[in-house]
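Since we're looking at a predicted model, the values are computed, not measured.
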Amino acid sequence: MRIDRLTLTGFRNIGEMELSPCPGVNVIYGDNAQGKTNILESIYLSATTKSHRGNKDRELIKFEENEAHIRIHFEKQGIDHQLDMHLKKNKAKGVAIDRIPIRRSSDLLGQIPVILFSPEDLKIVKSGPSERRKFLDIELSQME
């Protein structure tokens, strides 16, 4: 699986952005509060329908905007795909793979397999077994 292009519009502090990662390892760097974590969050959100920060959809939309859009062009098993996610302040998010709407989030899991480990995830180690089970359930569900 490889992400070929990520396009964000009105997502968090990003007005418009297009990123075309190189094959292999990519390093995202820059000053604080420039959107590095927001880029990673948009990929995770697109893969799982949930933010790793646990925010409501309306909080993911840039302040002066009414909606946000995430588009990911990716290659999986030699086939090119496009994932579109549309966020609106007062409506449920819309998700489509190859322009076919996804009705259940379970249909999306595994399309773009991701693992995100952030400082907030230290609760997996510090908390009880229910947090570890939740983490493993999310990651394993992407493989099935």
Side-chain angles (χ1 to χ4, degrees), residues 1-14 16-30 33-63 65-144:
M1 205 295 303
R2 179 185 72 238
I3 293 177
D4 295 319
R5 187 169 69 238
L6 169 68
T7 306
L8 300 176
T9 307
F11 185 80
R12 292 270 190 194
N13 69 339
I14 300 169
E16 287 188 40
M17 184 212 77
E18 188 167 300
L19 173 71
S20 296
C22 299
V25 176
N26 289 264
V27 177
I28 302 170
Y29 66 93
Q34 299 304 302
K36 301 178 299 293
T37 303
N38 296 339
I39 293 169
L40 299 176
E41 180 181 25
S42 71
I43 295 169
Y44 187 82
L45 177 70
S46 298
T48 65
T49 72
K50 299 192 182 341
S51 167
H52 72 285
R53 297 179 187 174
N55 295 314
K56 296 182 168 110
D57 287 350
R58 69 177 173 267
E59 295 173 7
L60 303 173
I61 300 170
K62 193 171 181 185
F63 284 123
E65 302 292 334
N66 291 318
E67 57 188 54
H69 190 259
I70 302 168
R71 176 171 287 151
I72 299 179
H73 292 268
F74 65 100
E75 178 271 322
K76 184 175 180 186
Q77 298 178 343
I79 301 170
D80 292 329
H81 298 281
Q82 177 179 303
L83 183 146
D84 288 291
M85 181 173 282
H86 202 122
L87 304 168
K88 292 189 177 185
K89 285 194 175 176
N90 296 316
K91 290 187 180 179
K93 69 176 67 77
V95 182
I97 298 273
D98 298 329
R99 302 197 172 152
I100 299 170
I102 301 294
R103 301 283 179 229
R104 301 181 325 228
S105 60
S106 61
D107 293 337
L108 182 64
L109 292 176
Q111 293 294 321
I112 300 176
V114 297
I115 295 177
L116 179 80
F117 191 80
S118 67
E120 294 86 10
D121 290 325
L122 288 176
K123 67 184 176 188
I124 295 168
V125 178
K126 293 180 178 180
S127 296
S130 64
E131 284 296 325
R132 290 186 283 280
R133 277 194 295 275
K134 179 181 172 186
F135 176 79
L136 286 173
D137 285 347
I138 290 170
E139 305 315 326
L140 290 173
S141 67
Q142 295 184 72
M143 295 177 64
E144 184 57 39

Would the number of heavy atoms belonging to other residues, nucleotides or ligands and lying under 6.0 Å from [atom1] of [X] be above 12?
{"X": "Glu18", "atom1": "CD", "value": "yes"}
{"X": "Lys91", "atom1": "NZ", "value": "no"}
{"X": "Lys36", "atom1": "NZ", "value": "yes"}

Write down the atom of [X], the atom of [Y], and the distance for their closest heavy-atom approach.
{"X": "Ser51", "Y": "Leu45", "answer": "N-CD1, 3.7 Å"}
{"X": "Gly10", "Y": "Ala68", "answer": "O-CB, 3.2 Å"}
{"X": "Lys89", "Y": "Arg58", "answer": "O-CB, 3.6 Å"}
{"X": "Ser46", "Y": "Ser42", "answer": "OG-O, 2.8 Å"}
{"X": "Leu19", "Y": "Pro21", "answer": "O-CD, 3.5 Å"}
{"X": "Gln77", "Y": "Glu75", "answer": "N-OE2, 3.4 Å"}

Residue pairs passing the ring pair (Phe, Tyr, Trp, His ring centres under 6.0 Å) test where at least one lies in residues 80-111, sequence neighbours excluded
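Sorted pair list: His69-His86, Phe74-His81.
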Evaluate the side-chain contact (heavy atoms from CB on, under 4.5 Å) criterion for residues Arg53 and Thr37: first the C-alpha distance (whole Å), next the side-chain angles of each, then the deciding distance (0.1 Å), finally the verdict.
CA-CA 10 Å; Arg53 297 179 187 174; Thr37 303; 2.7 Å; yes
Between [Y] and [X], is there a side-chain heavy-atom distance shorter than 4.5 Å?
{"X": "Leu40", "Y": "Ile28", "result": "yes"}
{"X": "Thr48", "Y": "Ile112", "result": "no"}
{"X": "Glu67", "Y": "Glu65", "result": "no"}
{"X": "Arg12", "Y": "Leu60", "result": "yes"}
{"X": "Val114", "Y": "Leu116", "result": "no"}
{"X": "Met17", "Y": "Leu6", "result": "yes"}

Report the distance from atom [atom1] of [X] to atom [atom2] of [Y], rounding to the nearest 0.5 Å.
{"X": "Asp57", "Y": "Met85", "atom1": "CG", "atom2": "CE", "result": "8.0 Å"}
{"X": "Leu87", "Y": "Lys62", "atom1": "CG", "atom2": "NZ", "result": "15.0 Å"}
{"X": "Asp84", "Y": "Ile102", "atom1": "CG", "atom2": "CD1", "result": "11.0 Å"}
{"X": "Ile14", "Y": "Leu8", "atom1": "CD1", "atom2": "CG", "result": "5.0 Å"}
{"X": "Ile97", "Y": "Gln111", "atom1": "CD1", "atom2": "CD", "result": "4.5 Å"}

Exam field: side chain Asn13 to backbone Phe11, donor-acceptor pair closer than 3.5 Å
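Answer holds: no.
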Could you tell me whether the side chain of Lys93 and the main chain of Thr49 form a donor-acceptor pair under 3.5 Å?
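At least one qualifying donor-acceptor pair exists.
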Evaluation steps, side-chain contact (heavy atoms from CB on, under 4.5 Å), between Asp80 and Asp4
CA-CA 9 Å; Asp80 292 329; Asp4 295 319; 4.1 Å; yes
Can you list every side-chain hydrogen bond (donor to acceptor under 3.5 Å, both in side chains) pair that touches residues 129-138, not counting sequence neighbours?
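Residue pairs passing side-chain hydrogen bond (donor to acceptor under 3.5 Å, both in side chains), neighbours aside: none found.
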With Asn66 via side-chain hydrogen bond (donor to acceptor under 3.5 Å, both in side chains) - residues at least two apart:
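Testing Asn66 for side-chain hydrogen bond (donor to acceptor under 3.5 Å, both in side chains), a comparison that skips the adjacent residues, returns none.
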